[in-house]
J.: 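This structure is in structure tokens; I'll ask about it shortly.
Note that this is a predicted model, so its numbers are computed, not measured. Remember, it's 1-based here, ligands and their atoms both numbered in the order they're listed.
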Amino acid sequence: MMTYSMSPKVKQRLAQPQRLLIDGQWSLASDGRVSEVFNPSSGEVIATAAKASASDTERAVAAARRSFDAGNWARLTPAQRGKILWRIGDLLEQYGDEMAELEMLDAGKPFSGTRHGEIPFAADCFRYYAGWCTKIEGATKQLSTVPDQDFHIYTRREPIGVAALIVPWNGPLVQAAWKIAPALAAGCSCVVKPATQTPLSTVCLAELMLEAGVPAGVINILLGSGSSIGQLLAEHPSVDKVSFTGSTEVGKRIIDAAKGNLKKVSLELGGKSPMIIYEDANLDEAIDGAARAIFSHAGQVCVAGSRLYVHESIYERVVQGVADIASRMTVGPATEPGFDMGPLISKGHLNSVFQKVEAGRAEGARVAAGGQLINKSGGYFMQPTVLADTDHSMSVVNEEIFGPVLVVMPFKTMEEVVAMANDSQYGLAASIWTQDISKAHKTAAAIKAGILWINCHAIPDMAVPFGGYKQSGWGRENGYEALLQYTELKSVIAKL
Ligand code: TAP
């Protein structure tokens, strides 16, 4: 096994506490507090990060407010904003090695997949919204209520104002990009709060944004606890919009906190996404696809395919196929190349996932693969786990586990499987595996979820809206739809 050696640049970066960015200035917390940042592959402390106080939060919101009200960003021409966003994308590619190393270190994401997947994807997110800057349009309308007089009527799309962007730990860079890029394209000023566990790539991204030319005060970074400063941001009367990705439970708290000034809220929350394999599917592809859908990033993906419904005629074959893949997978530190699956984010999360598997076992699920913790190099590892013969009375079927745990159930008919797939508080995503296009599209229409894949799972694209039905959220990320959520719509009626 190779032993990872930190690059000199990252070593230098992590030698100092990660700092807050407020009004273009990097600083420690006003009360000097820091939190520790762990490497989930080894359990070691790799850095410390400033822990913003309430007064730091006030200063960051005030800086964003000032920059917005002064028009430091929104009054640049759309083309000027677009060029700066494009440059952020270029810088992300240029600093891709460093960025991928940071994601590997605190989020437990293997280097190669991040360097060649998430880094270019985040860069393309900035380029995608760079293109939209010059295409934010209103419309002209015609009046019917007042005859025989001339009117000129039009709508304007205006930036919503100060946006608080609260990001989770499972995709620190990409999820931050999904929020920051459309907010900046619309002309907003932002306060970004990454998850406590994963501040490293956000700090680096903020440096690149300043280098690209985003003015001081337009982008502010607060590191620290969600329950204190995240809550303050959601409550703050000078914040006009909060965009949150994370658990459904915290999403509901954000709604409560946002009530004070009725700020606009968009939420990308949990999921328990079903995958349906019909009897006529290409089974090799479906089995391989189902395994990838649940075990990528150790299942810590909001759209992970965590419930698998298989037609009864092929049920045992599919359970065996996915279990064989799970049993063959290698699990180890993200800092070492060659492992199929890395760690879970923290010891607490590992224990929570394991307890949920134990509950499933106690409720009568058959463990077809995995089910155990892996004691390796001090990190937080769990075997890829397949629980067969489950049913909808079990907690493992109903609750989001957010780990490498698949539950499998048989079905007889399309009507039955649609009812089972929809029997969930969540409605984020689903996939359907069949060679019958009619069956595929009928099922897609019947499933209550924000994104459906047919014969694939979790293929993302910046142009494709992404978000949930039911308790999986409000609003959409990506596409023009996300951009609109950072705007207000104004109608102007002028009598000529
Ligand atoms: P959350 O607690 O929801 O954390 C997500 C983000 O919200 C973090 O930045 C967090 O900050 C912040 N936050 C926490 N409490 C807040 C509050 N009261 N007001 C404003 N912001 C707040 O998620 P978690 O604890 O990291 O994970 C718990 C479960 O959430 C997971 O097991 C999984 O089921 C789900 N989850 C879902 C997603 C997606 S993509 N849908 C992503 C992550 C987790 P701190 O980091 O400082 O707490």
J.: Check each of A257, S247, G403 against atom 1 (P) of ligand 1 and report the one with the nearest heavy atom.
T.: S247
J.: For ligand 1, note which part of A195 has a heavy atom under 4.0 Å away: side chain, backbone, both or neither.
T.: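 For A195, the contact with ligand 1 is made by both the backbone and the side chain.
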J.: Scan the protein's non-hydrogen atoms and note whether one is under 4.0 Å from atom 4 (O) of ligand 1.
T.: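 Given the 4.0 Å cut-off, atom 4 (O) of ligand 1 does not count as touching protein heavy atoms.
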J.: Protein non-hydrogen atoms only, distance under 4.0 Å: does atom 24 (P) of ligand 1 have such a neighbour?
T.: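 For atom 24 (P) of ligand 1 the answer is yes, since some protein heavy atom falls inside 4.0 Å.
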J.: What residue and atom, counting heavy atoms only, is the protein's closest point to atom 39 (C) of ligand 1, and at what distance?
T.: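 The closest heavy atom on the protein side is C302 CB, 3.6 Å.
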J.: For the pair H297 (side chain) and G299 (backbone), establish whether a donor and an acceptor sit closer than 3.5 Å, ignoring hydrogens and angles.
T.: no
J.: Of the backbone atoms (N, CA, C, O) and the side-chain heavy atoms from C-beta on, which set of L269 has a member under 4.0 Å from an atom of ligand 1: side chain, backbone, both, or neither?
T.: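 For L269, only backbone atoms sit under 4.0 Å from ligand 1.
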J.: Centroid-to-centroid, F126 to W178, below 6.0 Å?
T.: no
J.: Can you report which non-hydrogen protein atom sits closest to atom 7 (O) of ligand 1, along with the distance?
T.: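 In this structure, atom 7 (O) of ligand 1 has F244 CE1, 3.1 Å as its nearest protein heavy atom.
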J.: Taking non-hydrogen atoms only, is Q197 closer than 4.0 angstrom to ligand 1 via side chain, backbone, both or neither?
T.: side chain
J.: Mind checking whether I166 contacts ligand 1 via backbone (N, CA, C, O), side chain (CB onward), both or neither, at a 4.0 Å heavy-atom cut-off?
T.: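 The side chain, only.
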J.: Would K470 pass as a cation-pi partner of Y426, given that its NZ or CZ must be under 6.0 Å from the six-membered ring centre and within 45 degrees of the axis?
T.: no
J.: Report the part of V301 in contact with ligand 1, treating N, CA, C, O as backbone and CB onward as side chain, heavy atoms under 4.0 Å; options are side chain, backbone, both, neither.
T.: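 No part of V301 comes within reach of ligand 1.
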J.: Counting the benzene-type ring for Trp, do W132 and Y480 have ring centres under 6.0 Å apart?
T.: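 Between W132 and Y480, the centre distance is under 6.0 Å.
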J.: Indicate, as side chain, backbone, both or neither, the part of Q231 found under 4.0 angstrom from ligand 1 when only non-hydrogen atoms are considered.
T.: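 It is both parts that get close, each with some atom under 4.0 Å.
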J.: Heavy atoms only, cut-off 4.0 Å: how does V250 contact ligand 1, side chain, backbone, both, or neither?
T.: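 The part of V250 near ligand 1 is the side chain, not the backbone.
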J.: Pick one of side chain, backbone, both or neither for how E249 approaches ligand 1, counting any non-hydrogen atom pair under 4.0 Å.
T.: neither
J.: Which ligand 1 atoms does K193 reach within 4.0 Å, using its non-hydrogen atoms?
T.: 9 (O), 11 (O), 45 (P), 47 (O)
J.: Is the W433 to H457 ring centre distance short of 6.0 Å?
T.: no
J.: Within a distance under 4.0 Å of any heavy atom of V167, pick out the atoms of ligand 1 and give their elements.
T.: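 The list of qualifying atoms is 6 (C), 8 (C), 9 (O).
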J.: Here's a test for you: under side-chain hydrogen bond (donor to acceptor under 3.5 Å, both in side chains), which of E101, Q18, E207 qualifies with R13?
T.: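 Between R13 and the candidates, side-chain hydrogen bond (donor to acceptor under 3.5 Å, both in side chains) is satisfied uniquely by E207.
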